[in-house]
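Just below is one structure, and these are the notes that go with it.
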There are 2 protein chains.
Amino acid sequence: MAPSSVFGLRLRQARELAALTQEALAVRAGIDEFTASARISQYETGKHVPRYEIACRLADALKVPVAFLYANDDGTAELVLLWQHASATSRREALAVLSAGAA
Amino acid sequence: MAPSSVFGLRLRQARELAALTQEALAVRAGIDEFTASARISQYETGKHVPRYEIACRLADALKVPVAFLYANDDGTAELVLLWQHASATSRREALAVLSAGAA
DNA sequence: CAACTAAGGCGGACTTAGTGG
DNA sequence: CCACTAAGTCCGCCTTAGTTG
């Protein structure tokens, strides 16, 4: 089913990017395997939203910044995804560009 | 009291940046004034974490991206703060810098 | 006025069990 | 195997009321 919440949408995006099943993701995040499938499905379909601690563990398992899972707009989402893979020098340069170019 | 949770820390950071009282913030976010002080205090001290919908309203009232309130590391937090004030051209340039400079 | 807290009700996350691709 | 869902339990947010600088 199509994700209805922002969190669910981002979670599914990140999981498909990582090419993991819902259960594999949950186990990586330290969630009991017997409740794994149900919980991830509930998150992605927007039925429920996990506690922040769980969100952090999911983000770690998916290797994305936890802020990505809560990003409302696609621009911010893409930004933090690129950020995590960028080198230290690129990060400094990007911050300089942004702070110099305030609207 | 010192904030114990990430969300509470970010919320307080953004609120003090906006120079608002806890009650003023809550009212701006559409929270009933009689429960305002208690709820914001509980958020900032890490006693509770609000629903995502409430977090979005708080972020709007504070004029920060909602992802900022969930940012684990200071680098990501600073990044999304600069992002929202940057011009469209600066944003494109920053994205180009980050995508070119993957570690 | 501004920030914080204890206690209780109650909505929603988590568990269980099971269905459909 | 993989994704999804209904129903019940129970934890934690929200409310109330009141305390502290």
Side-chain angles (χ1 to χ4, degrees), chain A residues 1-64 66-70 72, chain B residues 1-64 66-70 72:
Chain A
M1 183 180 287
S4 56
S5 70
V6 172
F7 187 93
L9 170 67
R10 299 298 178 204
L11 183 63
R12 178 159 295 185
Q13 282 180 350
R15 181 177 64 84
E16 293 180 343
L17 204 67
L20 291 174
T21 66
Q22 291 181 342
E23 187 176 355
L25 163 61
V27 171
R28 274 199 193 194
I31 293 176
D32 178 78
E33 62 174 329
F34 290 97
T35 74
S37 172
R39 284 175 67 176
I40 305 297
S41 181
Q42 285 164 350
Y43 301 155
E44 290 190 0
T45 58
K47 187 72 182 295
H48 295 306
V49 181
R51 283 175 292 133
Y52 181 65
E53 180 205 345
I54 304 296
C56 288
R57 303 222 301 264
L58 291 171
D60 287 344
L62 293 168
K63 296 191 176 66
V64 297
V66 65
F68 170 82
L69 297 178
Y70 297 96
N72 245 342
Chain B
M1 180 180 289
S4 55
S5 71
V6 171
F7 187 93
L9 169 68
R10 299 298 178 204
L11 183 63
R12 179 159 294 184
Q13 282 181 349
R15 181 177 64 85
E16 291 180 345
L17 203 69
L20 290 173
T21 66
Q22 292 181 344
E23 186 175 356
L25 163 60
V27 170
R28 275 199 191 193
I31 293 176
D32 177 77
E33 61 174 330
F34 290 96
T35 76
S37 172
R39 283 175 66 177
I40 305 296
S41 181
Q42 286 163 348
Y43 300 156
E44 290 190 0
T45 58
K47 188 71 181 296
H48 295 305
V49 180
R51 299 193 316 262
Y52 182 65
E53 180 205 343
I54 304 295
C56 287
R57 304 222 302 264
L58 291 171
D60 286 345
L62 292 168
K63 296 191 177 66
V64 296
V66 66
F68 171 81
L69 298 177
Y70 296 97
N72 245 343

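In what follows, chains are A, B, ... by sequence order, proteins preceding strands, each numbered from 1.
Here the shortest heavy-atom pairing between Leu20(A) and Arg15(A) reads O-NH1, 2.9 Å. In terms of heavy atoms, Tyr52(B) sits closest to Val66(B) at OH-CG1, 3.7 Å. When every heavy atom of Ala59(B) is checked against every heavy atom of Leu69(B), the shortest pair comes out as CB-CD1, 4.0 Å. Of all heavy-atom pairs between Glu23(B) and Glu33(B), the closest is OE2-O, 3.9 Å. Between Gly8(A) and Ser5(A), the shortest heavy-atom contact is N-OG, 3.1 Å. When all heavy atoms of Ala36(B) and Ile31(B) are compared, the closest pair comes out as CA-CG2, 4.1 Å.
Between Tyr43(B) and dC13(D), a side-chain N or O to OP1/OP2 separation shorter than 4.0 Å is absent. For dA3(C), the OP1/OP2 oxygens have a side-chain nitrogen or oxygen of Arg15(B) closer than 4.0 Å. Look at Thr45(B) and you'll find a side-chain N or O under 4.0 angstrom from OP1 or OP2 of dT5(C). For Arg39(A), no side-chain nitrogen or oxygen approaches OP1 or OP2 of dA3(D) to under 4.0 Å. The side chain of Thr35(A) contributes an N or O atom lying less than 4.0 Å from OP1 or OP2 of dT15(C). Distances shorter than 4.0 Å separate some side-chain N or O of Ser41(A) from OP1 or OP2 on dC4(D).
Annotation: of the two residues near DNA chain D, Glu23(A) and Val49(B), the 5′-most nearest-nucleotide partner is Glu23(A).
Atoms CZ and OG1, on Arg12(A) and Thr45(A) in that order, are 7.5 Å from each other to the nearest 0.5 Å.
We find that CZ of Phe34(B) is positioned 12 Å from P of dC1(C), with the value rounded to whole Å. If you measure from atom CD of Glu44(A) to atom P of dA13(C), you get 15 Å, rounded to the nearest angstrom. Put simply, CZ on Arg57(B) is 10 Å from P on dC14(D), counting in whole angstrom units. Taking atom CD1 on Ile40(B) and atom P on dT5(C), their separation rounds to 14 Å, with Å as the unit. Put simply, CD1 on Ile54(B) is 6 Å from P on dC14(D), counting in whole angstrom units. In this structure, CD1 of Ile31(A) is placed 12 Å from C1' of dT15(C), rounded to the nearest angstrom. Separating the OH atom of Tyr52(B) from the P atom of dA13(C) is a distance of 14 Å, rounded to the nearest angstrom.
Inter-axis angle, ends of the helix from dC1(C)-dG21(D) to dG21(C)-dC1(D), five pairs per end, rounded to 10 degrees: 40°.
Judged by distance alone, the side chain of Arg10(B) and the main-chain N or O of Tyr70(B) form no donor-acceptor pair under 3.5 Å.
In terms of polar N and O atoms assigned as donor or acceptor, the side chain of Ser37(A) comes within less than 3.5 Å of the base of dA3(D) in a complementary pairing.
Other residues, nucleotides and ligands contribute over 12 non-hydrogen atoms within 6.0 Å of the CZ atom of Arg57(B).
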Identify the pairs formed between an N or O of the protein and an N or O of nucleotides 6-11 of chain D at a distance under 3.5 Å, and give each distance.
none

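In this view, Arg39(B) and Tyr43(B) satisfy the side-chain hydrogen bond (donor to acceptor under 3.5 Å, both in side chains) rule, not counting sequence neighbours.
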